[in-house]
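For reference, the structure is listed below as structure tokens.
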Amino acid sequence: MNKGIDVSSNNGTLDWGAIKADGIQFAIIRIGYGDDEVNQDDAQANANMDACQNLGIPYGVYIYSYAISENEVKSEVRHTLRMIEGRNPQLGVFIDMEDSDGYKTRHNLVPEENGAILTNFCCIYCNDMTNSGYKAGIYANKNYFDNILDISRFDSYMKWLAIWGPDQCPAGNWILWQYTSDGVVQGSSARTDMDYYYGEFPNTEPEPEPEPEPEPEPEPEPEPEPEPEPEPEPEPEPEPEPEPEPEPEPEPEPEPEPEPEPEPEPEPEPEPEPEPVKKSKCFFLMIITNIVNWFKGIHF
């Protein structure tokens with residue numbers, strides 16, 4: 001089991017670093033009381049939740065109920081959701097069902113006579129918070145759980161028992177036991193409520209400090225829209241080229257005049273036949289020729 005505290009603005013401004021260093025492992029923080037009105041927010045709720053988140057201390061929250069009608073219970077649901085919006089109460093959300101200042105009795109809702117109504121208020125609150133995504137439960141003292149509320153209707157919800165004095169937590173299916181209101185814790189007030197947590201304990205690390213968001217660069221001034229260029233005047237359509245005149249058909253070339261046939265060459269006149277040599281003359285020449293050849297053949 002883990003040791004923790006439950007606190008409200010009644011404990012003043014707390015030093016959560018010193019509280020953690022003193023061995024406190026978790027916290028249950030009051031977010032307000034009654035209807036969803038800002039003047040009924042717990043004055044230290046946001047500071048206490050911020051510190052636990054920053055230091056990695058698991059925490060849950062509770063609201064002190066003044067509801068005497070179902071509509072007022074619904075308002076207390078809205079009150080709780082508004083206060084924890086954007087946060088993560090890992091240990092759950094609880095409705096504190098008691099009448100420590102006699103408010104319910106003064107408004108004709110005597111707890112000892114109206115246990116069924118108060119039980120129904122607890123179920124409405126827990127059911128709505130569960131449907132909103134949170135673990136939900138009921139805080140009450142042992143007399144309320146034993147004699148006023150119908151605990152058999154709380155099987156689906158966590159139960160936080162307040163009983164001071166015994167060395168051991170009484171038997172029962174309790175998620176938390178508030179065992180004293182006289183605890184002494186460094187960093188807290190002189191008297192502090194002390195608790196033990198019996199559920200599965202979340203492993204949390206301190207949330208890193210968020211880096212400062214860079215300043216947004218100024219948006220550039222929009223460039224003026226260029227003036228529209230004048231539309232060009234349409235070019236005149238070209239005049240159609242005149243169709244070419246048809247070329248005159250070529251005059252037919254005159255047929256060549258037929259070459260005149262060459263005049264036939266005149267046939268050569270026949271050579272006149274030589275006149276026959278007279279036989280006597282020839283014979284004489286032959287004799288002379290033979291004589292000459294004979295002399296040539298003589299060797300002297």
Side-chain angles (χ1 to χ4, degrees), residues 1-8 11 19-20 23-33 42 45 48-49 52-53 56-65 67 73 76-77 79-81 83-84 87-98 100 115 118-181 183 185 192-204:
M1 61 186 175
N2 298 279
K3 185 172 71 172
I5 58 177
D6 62 269
V7 295
S8 70
N11 297 96
I19 291 171
K20 182 176 182 179
I24 296 303
Q25 297 168 289
F26 70 89
I28 308 295
I29 298 166
R30 189 180 75 169
I31 55 90
Y33 52 89
D42 188 290
N48 289 336
M49 289 187 287
C52 286
Q53 287 177 190
I57 300 173
Y59 71 93
V61 300
Y62 76 95
I63 184 168
Y64 186 97
S65 178
V73 176
E76 292 177 354
V77 169
H79 194 172
T80 307
L81 290 173
M83 293 297 292
I84 63 175
R87 299 183 182 275
N88 182 24
Q90 307 99 314
L91 303 185
V93 295
F94 296 86
I95 182 170
D96 182 347
M97 184 53 68
E98 55 181 311
S100 59
L118 297 180
T119 297
N120 194 45
F121 289 172
C122 292
C123 290
I124 290 171
Y125 179 90
C126 290
N127 186 59
D128 286 0
M129 293 306 301
T130 299
N131 289 340
S132 298
Y134 298 96
K135 297 186 296 182
I138 301 98
Y139 167 93
N141 60 41
K142 195 167 188 310
N143 177 53
Y144 265 60
F145 278 124
D146 287 347
N147 303 309
I148 297 174
L149 302 175
D150 183 358
I151 196 170
S152 67
R153 294 185 61 190
F154 301 156
D155 289 345
S156 299
Y157 313 126
M158 299 181 292
K159 293 174 281 294
W160 178 10
L161 173 67
I163 182 170
W164 308 331
D167 294 332
Q168 299 291 328
C169 181
N173 186 21
W174 316 113
I175 190 75
L176 281 159
W177 172 29
Q178 185 188 74
Y179 63 91
T180 184
S181 62
V185 178
T192 304
D193 292 344
M194 304 289 297
D195 304 88
Y196 288 120
Y197 181 78
Y198 297 104
E200 185 177 350
F201 205 64
N203 181 19
T204 60

Rounded to the nearest 0.5 Å, what separation is found between the [atom1] atom of [X] and the [atom2] atom of [Y]?
X	Y	atom1	atom2	answer
Ile19	Asn48	CD1	CG	7.5 Å
Trp177	Met1	CH2	CE	7.5 Å
Asp146	Ile151	CG	CD1	7.5 Å
Thr80	Ile63	OG1	CD1	4.0 Å
Tyr144	Leu118	OH	CG	6.5 Å
Tyr196	Asn2	OH	CG	10.5 Å

Closest approach of [X] to [Y] (non-hydrogen atoms, all atoms of both residues):
X	Y	result
Ile163	Leu161	CG2-CD2, 3.8 Å
His79	Gly32	CE1-CA, 4.2 Å
Pro58	Gln90	CA-OE1, 3.9 Å
Tyr139	Gln178	OH-OE1, 2.8 Å
Pro89	Gly60	CB-CA, 4.2 Å
Ala67	Glu76	N-OE2, 3.1 Å

Evaluate the side-chain proximity of [Y] to [X]: yes if any heavy-atom separation is below 4.5 Å, no if none is.
X	Y	answer
Ser65	Asp96	no
Leu149	Phe154	yes
Leu91	Met158	no
Phe201	Gln25	yes
Asn120	Arg153	yes

Got a sec: does the NZ of Lys3 have more than 12 other heavy atoms crowding it under 6.0 Å? no
Who passes side-chain hydrogen bond (donor to acceptor under 3.5 Å, both in side chains) against [X], sequence neighbours left out?
X	result
Asn141	none
Asp150	Ser152
Asn143	Asn147

**Asked** Taking atom types as modelled and ignoring hydrogens, do the side chains of Tyr64 and Ser100 form a donor-acceptor contact shorter than 3.5 angstrom?
**Response** yes
Any side-chain donor near an acceptor of the partner, Trp160 and Asp6, under 3.5 Å: no
Sequence neighbours excluded, the answer for ring pair (Phe, Tyr, Trp, His ring centres under 6.0 Å) partners of Phe26 is Tyr197
Contacts of Tyr59 meeting ring pair (Phe, Tyr, Trp, His ring centres under 6.0 Å) (sequence neighbours excluded), chain-then-number -> none
Show your working on side chain to side chain contact (heavy atoms under 4.5 Å, CB included) between Asn88 and Gln53 and close with a plain yes or no.
CA-CA 9 Å; Asn88 182 24; Gln53 287 177 190; 5.7 Å; no
Per side-chain contact (heavy atoms from CB on, under 4.5 Å), Ile31 is matched among Val61, Val93, Asp42 by Val61
Name the atoms and distances for all side-chain donor-acceptor pairs under 3.5 Å in residues 166-176, with sequence neighbours left out.
from	atom 1	to	atom 2	distance (Å)
Trp174	NE1	Pro170	O	3.0
Trp174	NE1	Ala171	O	3.4

